[in-house]
Amino acid sequence: MKSRFRLIFLLLFVLAIGLGASRLFSRESSALAAQKVPTAPAQQSSVDRGRYLVENVAMCEECHTPRDASGALDESRRLQGAPIWIVPVRPNPNWAMNAPALAGFSGYTEEQGAQILEQGVGPNGLAIRQPMHIYHMNHADALAIMAYLRSLPGTYPQQ
Ligand code: HEC
């Protein structure tokens with residue numbers, strides 16, 4: 001009787017190992033399949049990711065896209081620069097009253113863009129003024145945002 005139990009236990013054990021191994025194997029093979037994706041769509045997906053970060057995570061448009069008469073974002077002038085409507089709680093002489101155009105992003109090198117988005121430091125070496133946030137993005141996110149901004153029609157810093 002005892003040995004039969006042992007046998008059943010052993011069978012279950014072998015079955016569990018088999019299941020685990022097959023999972024591992026299928027995961028490995030799907031990882032291999034993913035590697036075969038050509039590079040062109042990867043670039044497109046970087047633009048898409050940048051757009052997602054700009055529109056839904058970092059909310060750049062709230063300041064950098066002008067508004068229409070009703071106060072809604074004017075998407076026909078997406079990221080073309082806008083006057084700042086937020087006022088500081090306490091008087092702040094270092095408050096920026098204008099958010100520059102970002103569409104095209106041609107006025108910045110990749111290093112300058114990364115410095116702005118990863119450290120909050122502008123090309124002049126000074127901290128970006130409020131109300132712009134000091135972002136501490138990772139490099140991949142900063143590159144994706146720049147790829148998206150460069151995909152938009154427009155030549156920064158013309159406004
Ligand atoms: C709360 C408003 C606000 C948001 C949100 C915002 N910005 Fe800004 N941004 C500004 C203002 C204001 C300035 C001008 C700052 C200055 O003059 O120092 C600015 C400046 C910039 C500059 C120019 C910096 C320079 O020194 O030349 C870049 C590039 C920029 N923003 C990119 C972005 C991106 C990309 C996002 C989203 C990830 C974003 N901003 C989100 C308000 C904002």
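What you see below is based on every heavy atom in this structure, not just the backbone, and it leaves out hydrogens, waters and symmetry mates. Indexing begins at 1, ligand by ligand and atom by atom, following the structure's order.
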Result block: side-chain N/O donor-acceptor pairs under 3.5 angstrom for residues 117-130, not counting sequence neighbours:
unit_1	atom_1	unit_2	atom_2	d
E118	OE2	H139	ND1	2.7
N124	OD1	L126	N	3.0
Q130	OE1	N92	ND2	3.2

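- In this structure the side chain of V57 never reaches within 4.5 angstrom of the side chain of D141, judged on heavy atoms.
- Not a single heavy atom of L53 sits less than 4.0 Å from an atom of ligand 1.
- A donor-acceptor distance shorter than 3.5 angstrom exists from the side chain of H64 to the backbone of P100, with no hydrogens or angles considered.
- A heavy-atom distance below 4.5 Å is not found between the side chains of V47 and R150.
- Judged as a side chain to side chain contact (heavy atoms under 4.5 Å, CB included), and not counting sequence neighbours, the contacts of S76 are D74.
- Distances from atom 13 (C) of ligand 1 to the heavy atoms of P100, A101, G125, G122 put P100 nearest.
- Every atom of ligand 1 with a heavy atom of F105 under 4.0 Å away is listed here by number and element: 29 (C).
- Taking every heavy atom of I128 and a limit of under 4.0 angstrom, the matching atoms of ligand 1 come to 15 (C), 24 (C), 26 (O).
- Residue contact annotation: E62 has no non-hydrogen atom under 4.0 Å from ligand 1.
- Heavy atoms of Q112 come nearer than 4.0 angstrom to ligand 1 in no pair at all.
- Residue M59 has at least one heavy-atom neighbour below 4.0 Å for each of these atoms of ligand 1: 5 (C).
- Distances below 4.0 Å separate heavy atoms of M137 from the following atoms of ligand 1: 38 (C).
- Nearest residue to atom 18 (O) of ligand 1 from R129, H133, Q130 is R129 (criterion: closest heavy atom).
- Of all atoms in ligand 1, numbered sequentially from 1 with element shown, those under 4.0 Å from a heavy atom of I84 are 12 (C).
- The closest approach between a heavy atom of V54 and any atom of ligand 1 is not below 4.0 Å.
- You'll find the side chain of R78 reaches within 4.5 Å of the side chain of E55, heavy atoms only.
- One finds a salt bridge joining E62 and R67 here, because a Lys/Arg side-chain nitrogen approaches an Asp/Glu carboxylate oxygen to under 4.0 Å.
- Near L117, meaning under 4.0 Å from any of its heavy atoms, are these atoms of ligand 1: 35 (C).
- Residues Y135 and I145 have side chains not in contact (no heavy-atom distance under 4.5 Å, counting atoms from C-beta outward).
- Within the listing of ligand 1, atoms 25 (C), 26 (O), 27 (O) sit less than 4.0 angstrom from a heavy atom of P123.
- The line from CE of M59 to CD of E61 is 9.0 Å long, rounded to the nearest 0.5 Å.
- The atoms of ligand 1 that sit less than 4.0 Å from any heavy atom of A96 are 12 (C), 14 (C), 15 (C), 16 (C), 17 (O).
- Here the side chain of R51 pairs no donor or acceptor atom with the backbone of A144 at under 3.5 angstrom.
- Rounding to 10 degrees, one finds that atom 8 (Fe) of ligand 1 sits at the corner of an angle of 170° between M132 SD and H64 NE2.
- Residue side and main chain included, C60 places no N/O/S atom under 2.8 Å of atom 8 (Fe) of ligand 1.
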